[in-house]
Each structure stands twice: as C-alpha cells, then as structure tokens.
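Everything below concerns the one structure shown next.
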Amino acid sequence: MAWFKKSRKPIAPSAAEKPSRVPEGLWVKCPGCAQIIYSKELETNLNVCPKCAHHFRIGSLERLKSFFDGEWTEHFANLASTDPLQFTDTKPYRGRLESSQAATGMKDAVVVGSGRMDGLHIVIAAMEYSFIGGSMGVVVGEKITRAAELALERRVPLIVVACSGGARMMEGALSLMQMAKVSAALSRLDREGVPFISVLTDPTTGGVTASFAMLGDLNIAEPMALIGFAGPRVIEQTIRQKLPEGFQRSEFLLEHGMLDLIVDRRDLKATIGRALRFMEPRPVDQGRSAGPSGHARPS
Amino acid sequence: MPPDTLEFEEPIAVLLKEVEALSMMESTPERIREIAALNRRVESIRGDLYARLTPWQRVLVARHPARPSVLDYVNRLFTEFTEIYGDRRFADDHAIVTGMARYKDQPVLVVGHHKGGRDTKQKIFRNFGYARPEGYRKALRAMRLAEKFRRPIIAFIDTPAAYPGVESEERGISEAIALNLREMFALEVPILVVVHGEGGSGGALGIAIGDRILMHEFAIYSVIPPEGCAAILWRDSNRKVEASEALKLTAPDLMAVGIIDEIVPEPIGGAHTNLDAAASLLDTALDRALRTVSAVPADERLDARYRKFRAMGSVGIIEQGA
C-alpha cells in the first residue's frame, strides 16, 4: 500500500509520439548528422548523405543499378528454398520465407546479374538485407556459387556485394556448408586467375565474412560498415566488457590490416573499374610459361 | 551423481552409487553377485537410453568432459606422433593441435581441435577448444607441409566455435577461416575429416573440408549452438532443447542431407565410457576411408571433393516459375 495516492496517471508513451516523418517519405533525417535531407536528393546521391557522407543501407537492385552502365541480365532468379529442415521456431520458417518473398518480390536474399561496368563485362551478386537479414542459406550459397561459375565460364570478373548477418540458422548445417561451397568455387577462380572483388557493406558478419567476403583479390568496404565474425553482443558476453567505440567498423579493420581499402559508395564503381583494368589478362611474357589466362599461378 | 553421468542418465547414476557403496564393504560371494547384477542392469538401461537419444541428449554426450580428444585417438591409433607448434606469424594456438604421425605405418599429418578434457588447467590452456586466428593459420601451414611431402591429412573436429573475442577480430578470424576453406579445396593430398565431438559452426568448418567426412554416432555438427539459436529465434536460451531438435544437428540427420559420408559407431554409453573400444571402432572406419580416397588419382580426388561440397544444399532448392 502506497503512502501517497497517485493523483495523476503515469506518463504513457502515446501512439501519436512516434518519430515524426511527415509528410511520409519526402524528407529523411540522417542518423549520422541529424540533418534533414530531401529524399530525392538522397536518392540521386546513391543514398549517401550529401552533408556528412553517412551511407544509408541500399537494396540489392539499387546496388546492381549503381554498378552497371545500362542494361543488365538477371540470372538464376527462380531458385527458392524448400525449407529442407521443416524448421519451426516461434513461427514456421516457411512463413518467414513467404512474407519476405512478398515484401521484397525476391525468392531469396541475393540477386545475380551480368552486364557491363565501365565498359567491362562482369558478373555481380548483391545480397539483400531486407530478406531475413541477408542471411545465407542454400539458395544464396547456390546463386553465388553459380555466379562464380558463370564468371569462370565467361572469364569475366566476379563482384560480390556482401550485406548479411551470416548463415541462415533455419537451414541448419546446410547453410553452414554454403561457406564451403562458395569458397570451393572461388578456389577455382583463384587458380584460373579470374578476378574476384569482394565489397563489404553494412553489415557483413558471421559465416559470410568467414568465407567469400574475405576472399577477394581485393576486399573493399564502404565507410563505417559493421564487419566481423562474431556479433558485438556475443563478444561483450565473452569478455564481459563494453567494446570500444568503432570496434568492427571498416576503419577498425583497415587499421588492423584486414581490408585493402575503404571507398565511398559514390567512388566505388570508378575504383573497381580501375582495379579490374589492373587485373585484365594480358599476353603472356615471352620465354615464361604460365597457365591458361596468363595470370594463373604455377601449379 | 557420479561425475561421469549426465543428467538424463540418472537411473544409471543411482545404480552406480549402489555399486560403489557395495564395493566399499567387505567382499562376500553374495555381494559380488549383487554387484555383477547391478552392473548388468546398468548396461541394459544404458543400452535402452542410448538406443534412442534425443538431439539434446546427444548434445550433452558430444560435450561430455571425458569425451576422447584428438590426442586420445592419436595415442591409441597412431605412432611416432611429433607435435609441431605455431603459425610462424604470431603465436601458437593451443586450441588446435597438429603434428606428424604414422598411421598403419604410413606418414600422415594430424590436425584437430582440443578442448582440454576435464582438467581445469588444461581447459584454460586450450581455451576450451575455442581457436583463434593463429590456430587456423597453424593448421593451414601444417597442411601445406603435408601437401609438399605428399602425405594424407586427417582432421579431428571438436570445438564449440571459433573464439569470439576482441583479439580474434583484430587478427582476422574471418580471413583465417575463409582462407582455409578456399585452400583446403586446392590441397591435392587425401583429406579425411572426423567430426568426433562438437562441430561448432565456422570454427569447426575451418579445418573440416575433405574427401570423406566421418562423424561419430553421438557427435553433433551445427551452424550455431542450440543455446545461441534459442536466444536469437525464441529470444530465450532456455528453449535450447527445442532448438537442438529444430537444427537437425545429429549424425543421422546430417547423413540424410548428404553433409557427412559415414557414421562411426560408438560404444554403448558413448565414446567416453570406453576409449579403447571407441578408438578401435574409429580405426576400422578410418583405415577403410583412407584406402578408398588414396586409391584415386589426385586430380580426380580434387574434382570429387569439389563436386561433393558443390552438391551440398541442393536438396533444399527448387526452381519456381517467375
């Protein structure tokens, strides 16, 4: 029994007090600098804040458009998961799949396309974070593997844009094995001297980082992206300490020698273009034997 | 409860306690008979229990502190084991053991996680089997040695996970595992993988690419520990039992989807109840597998290894109309 009677109602959050975004979608508040940005302006700036260069997360299709010069072809778009483990947690995985498919219009968390970038033929796979956290299950593994095989067959560079929380738990060890499968395909590209550029965006963690994302001839990150193996919360539980500011951000990884470079999204295409010209096959030097492409390592 | 029994083995624990009490007393023919009868009951109950272990019970058996380690198997099945240390870059990681040895009088390279067994000092020394980047780099360096001198590699898998700590991230745990995945597909020598304890996600996979994947009857292999899965999907780590069922992490489950090639039987009650018997059962499987993969020419073997992993997950994919 309280000594004093509460005469007023406790302060309750009212439904009307949600962060105001009025009118819907016309203006966006930048989480980096808290400035208000006109959303059209943000769009034309590749979703990078024109004031503080904060990189907003972008979808896989927008990503592909930002790389290709013009027309491009999508591949393997019809592959979908069968829910091989019949997995159910608080709700069935099948239901999660269906709602993600309905929300994104995609069958799973990656889009593969081929076309020209800076005039060069390339194959790109871009992951979709809004599809179950961009997690890698059997379909994502298969599509990236096929993308690598397509790049090898055409002998054109492969670019994979990672944006993923890691392996997809609801497909169990099958999703774990996708790390091995994709790495196997990349092993072949490596041996044959076909370029592979890994682009790491916010976030790239878990089994995706510990497989293809770290296997690029170049590993390029966008600024301030969260990149790591274990999630920050797991690490905090292990060491029972708060993690330092900036831990597992792109800049931290670069400082520790784990990235080749950090590139602003607006310069990404041009930078990769230059790198690919460096990697272009060239005639074999006279008097020196080499593998099929002139770049293959002696076996 | 006797230290070696698990929570679900309580009926056994009760009987073992009785046996212990009886053995403390003066030995009479009647007591000896009684002890023998109790032991038979223990065996029969154990047989019943282990004939139908639930996934969660398998998790407990796979994590048993007395579960044989890579060195327990090496000491029983291999000769002339010479451990080598260090990644020649930063440090020696005690959570991964590697070295040269002879198996059936043939030189081989052994590599495997080590959790430290039941001794607390050893556990700490081995970091409970949580390997850091150095461990994976040491393993790769040793495997390249095997490649150079054309010796088969035998990898023993038993780890909760790669170490989730600050230094792991700083020194590139992701890169270390990723590189092993890629490079193990390029090693021309035969590679056998034995998942004999806990196959803990990427930390396990980082040395688990091979031509034949053997898995012990009560071992587990998973993308995430059941506790972690429960914490994320159920938002309650106490739902680990349900998570262990949903994850399909047992040997028969993995056999069914083509992730492993063969199940290595264990003594009734688990490998820890009889190390010699467990070693001998592994010996049979290992010998046969090594002969099989060694008989294949290197290029065919590499191709088969690629195709084996290439096919993983195909069971879960369909082509849908656009």
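Quick caveat, the model's predicted, so the values are computed rather than measured. Sequence lines set the chain letters: A, B, ... in the order given, protein chains first and strands last, and positions in each chain run from 1.
Only the side chain of A/F247 comes within less than 4.5 Å of a heavy atom in chain B; its backbone stays farther off. Proximity to chain B (any heavy atom under 4.5 Å) is restricted, for A/F252, to the side chain, taken from C-beta onward. If you measure heavy-atom distances from B/I318 to chain A, the contacts under 4.5 Å come from both the backbone and the side chain. Both the backbone and the side chain of A/T90 have a heavy atom closer than 4.5 Å to some heavy atom of chain B. Proximity to chain B is absent for every atom of A/A213, based on heavy atoms less than 4.5 angstrom apart. For A/L243, the part lying under 4.5 angstrom from a heavy atom of chain B is the side chain only. Within the 4.5 angstrom heavy-atom criterion, atoms from both the backbone and the side chain of B/L247 approach chain A. For B/R305, no part lies near chain A; criterion is any non-hydrogen pair under 4.5 Å.
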Inset, instruction - Could you please spell out the steps behind the side chain to side chain contact (heavy atoms under 4.5 Å, CB included) verdict for B/E242 and A/T88? - result: CA-CA 9 Å; B/E242 287 150 275; A/T88 297; over 6 Å; no
Inset, instruction - Give the intermediate values and the outcome of side chain to side chain contact (heavy atoms under 4.5 Å, CB included) for residues B/E183 and A/D190. - result: CA-CA 10 Å; B/E183 293 307 303; A/D190 187 49; 4.3 Å; yes
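When all heavy atoms are compared, the tightest approach of B/P164 to A/V234 is CB-CG1, 3.9 Å. When all heavy atoms are compared, the tightest approach of B/I259 to A/L174 is CD1-N, 3.7 Å. Of all the heavy atoms in A/M214 and B/A178, the pair that sits closest is CB-CB, 4.1 Å.
Counting heavy-atom pairs closer than 4.5 Å to chain B, the top-ranked of the candidates A/A173, A/A77, A/A184, A/G172 is A/A184. Top candidate by heavy-atom pairs under 4.5 Å with chain A, chosen from B/I224, B/V223, B/I232, B/N180, is B/V223. Ranked by heavy-atom pairs shorter than 4.5 Å toward chain A, the options B/G165, B/A256, B/S168, B/S201 are led by B/S201. With chain A as partner, the option from B/I173, B/L181, B/L233 having the largest number of non-hydrogen pairs under 4.5 angstrom is B/L233. Ranked by heavy-atom pairs under 4.5 Å with chain B, the list A/A167, A/S211, A/A180 is led by A/A180. Listed options B/K308, B/E319, B/M312, B/R310 were ranked by heavy-atom pairs under 4.5 angstrom with chain A; first place goes to B/R310. Ranked by heavy-atom pairs under 4.5 Å with chain B, the list A/Q86, A/E149, A/M170, A/K91 is led by A/E149. For the set B/Y130, B/W234, B/Y163, B/Y306, the count of heavy-atom pairs under 4.5 angstrom toward chain A peaks at B/Y306. In terms of non-hydrogen atom pairs under 4.5 Å with chain B, the most contact-rich of A/V139, A/L215, A/L79 is A/L215.
Remark: B/L205 CG to A/S183 OG distance equals 8.0 Å, nearest 0.5 Å. Note: A/N219 CG to B/S174 OG = 10.5 Å, rounded to the nearest 0.5 Å. Interatomic distance, B/F185 CZ to A/L186 CG, rounded to the nearest 0.5 Å: 10.5 Å. How far CE of A/M258 is from CD of B/E175: 6.5 Å, rounded to the nearest 0.5 Å. How far CD1 of A/I235 is from CD of B/E167: 9.5 Å, rounded to the nearest 0.5 Å.
Every side-chain hydrogen bond (donor to acceptor under 3.5 Å, both in side chains) that B/D253 has, sequence neighbours left out, goes to B/T250.
The contact list for residues 221-230 of chain A toward chain B, using heavy atoms and a distance under 4.5 Å, reads A/G228, A/F229, A/A230 by residue number.
Salt-bridge formation is not detected for the pair B/K248/A/D83: no Lys NZ or Arg NE/NH1/NH2 atom is positioned less than 4.0 Å from an Asp or Glu carboxylate oxygen.
Between the side chain of A/T82 and the backbone N or O of B/G316, at least one donor-acceptor pair lies under 3.5 Å.
Heavy-atom neighbours of A/E255 CD from other residues, nucleotides or ligands within 6.0 Å: at or below the threshold of 12.
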